[in-house]
Student: 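Could you have a look at this structure, given as structure tokens, before my questions?
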Amino acid sequence: MLQLTQKEVEADFRRASDLYARYGVDVETSLKKLDAVQISLHCWQADDVGGFEHEGASLQGGGLAVTGNYPGKARNIDELRRDIEKVLSLLPGRQRLNLHASYGDFSGSKADRDAIDVSHFRSWADWAGELKMSLDFNSTLFSHPLAASGFTLSSKDKKIRKFWIEHVKRCREISEYLGKTQGNTCIHNLWIADGAKDIPVDRFGHRKLLKQSLDEIYAVSFEPVYMKDALESKLFGIGSEAFVVGSHEFYLGYALMNKKLICIDNGHFHPTEVVGDKISSIFQYTDEMLLHLTRGLRWDSDHVVVFNEEILLIAQEIVRSAVLDKVYVGLDFFDASINRIGAYVTGTRAAQKAFLYALLEPVELLQQLESENRGFEKLATLEELKSMPFGAVWNYYCLINNVPPAGMYIDEINKYEKEISSKR
Ligand code: RNT
Ligand code: ZN
């Protein structure tokens, strides 16, 4: 693996700063802004979306599939926490952790989804507090017998709806508790898999039921300083190819009418849709949103994030629209075919790099060229920026954050695998 000394990283950085300064970009300011981008790490990459409700719990249904059987999966809360600590030690900046309700600590008392409460998340809050890390939260409406019909909050069966309404109500209370404990807003995200494999006839009926369930759930309000609600839309899932109740139009409408956050998962759209383009539209009507960064690949939505054009445009649009402080950023991918810690670190660093790249753009200059109709110069400048020494700035950012620059984290992960995760 490429090894860099501190001196080399610093020298490269000085040269890079000088070159960016010639475009009018103050690199130190960009790095300060990058510090403010806190990425919420999804807890579910560590154990393939299994959760800890009972021993050997695994992902079931929900239109999600995790493929691969790479060794080292976290089998319990302790292993998962240890893995997350390792991941955090290899990431510059500060992160949050995004929990799913199914990851509660049920060692004291087991509870079905309609009976969970803050007691199941106390040990999480304690652990996160020690790490000075904040938590976000998700209701879990899959991997459960009452989700097996393919419908939960939009089910035509009143008993099923009632069960899940109670679950989400409790998850909101847990989110409020986490927010109060950590002293900042816990984002509660709601995603449901409700939908149909084949041609539905009563789309309207299911969507009406979902709206009713949501109205009932959100009838209780919480202080936004403690918790905020987000709603995540989807286009289709495995087994729900023909119809997903919670579509983009459905939730965007609901979020705007009810002052909730829309959650945009960039794997939940048609493959040719440009998700970055949505941000400046959404922000005309709302002043906050949640992102799930992922990588869609053909029909699947959950590959490890890489620093590609799609993620970059999302970051650029956030920076160019000056809404960096209004976007909550989460990750959402699960790959069981490679080292899971490696997946986290590679994916998170890729997302951070996209934000850094966007923060190093001379936005004013580019906007000026555009407004003066100097299209060729704008295009050429955008192209030239691609070969600026952005990697030198990234490495320096890692250095000042005391984490390995460049690919020097790879050896660390291999060591952890050898000593710890491979023995599971
Ligand atoms: C599924 C959604 C959702 C889940 C997690 C586990 O398509 O993206 O966010 O991945 O809740
Ligand atoms: Zn998602």
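Residues: numbered from 1 along the sequence shown. In listed order, ligands and their atoms are each counted from 1.
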Student: Should the pair Arg81 and Trp124 be classed as cation-pi, given the thresholds of under 6.0 Å to the six-membered ring centre and 45° from the axis?
Tutor: yes
Student: Is it the case that the ring center of Phe222 lies less than 6.0 angstrom away from the ring center of Tyr177?
Tutor: no
Student: With the threshold set at under 4.0 angstrom, would you say Asn138 reaches ligand 1 through any of its heavy atoms?
Tutor: no
Student: Suppose we call two aromatic rings close when their centres sit under 6.0 Å apart. Are Tyr344 and His42 close by that rule?
Tutor: yes
Student: Look at Lys278 together with Glu317 and state whether they make a salt bridge at an N to O cut-off of under 4.0 Å.
Tutor: no
Student: If you count the atoms of ligand 1 from 1 in the order shown, which ones are under 4.0 Å from a heavy atom of Leu64?
Tutor: 1 (C), 7 (O)
Student: Could you pull out the closest heavy-atom pair between Leu293 and Val329, with the gap in Å?
Tutor: CD1-CG1, 3.7 Å
Student: Number the atoms of ligand 1 from 1 as they appear, then name those within less than 4.0 Å of a heavy atom of Lys234, with their elements.
Tutor: 1 (C), 7 (O)
Student: Protein N, O or S atoms less than 2.8 Å from the Zn ion (ligand 2), ignoring waters?
Tutor: Glu232 OE2, Asp265 OD2, His292 ND1, Asp332 OD2
Student: Both conditions, 6.0 Å and 45 degrees, for the charged tip of Lys260 above the ring of Tyr218: are they met here?
Tutor: yes
Student: Which residue from His100, His268, His292 reaches closest to atom 5 (C) of ligand 1 through any of its heavy atoms?
Tutor: His100
Student: Just to check, does His42 reach to within less than 4.0 Å of ligand 1 when the distance is taken from its heavy atoms?
Tutor: no
Student: Should the pair Arg295-Asp302 be classified as a salt bridge under the 4.0 Å nitrogen-to-oxygen rule?
Tutor: no
Student: What residue and heavy atom of the protein are closest to atom 9 (O) of ligand 1, and at what distance?
Tutor: Glu232 OE1, 2.7 Å
Student: Going by distance only, is there an N or O of Asp332 that falls short of 3.5 Å from an N or O of ligand 1?
Tutor: yes
Student: Go through His292 and Trp191 one step at a time and tell me if the ring pair (Phe, Tyr, Trp, His ring centres under 6.0 Å) criterion holds.
Tutor: CA-CA 11 Å; His292 271 191; Trp191 168 74; 9.3 Å; no
Student: In this structure, is the centre-to-centre distance between the rings of Tyr103 and Phe121 below 6.0 Å?
Tutor: no
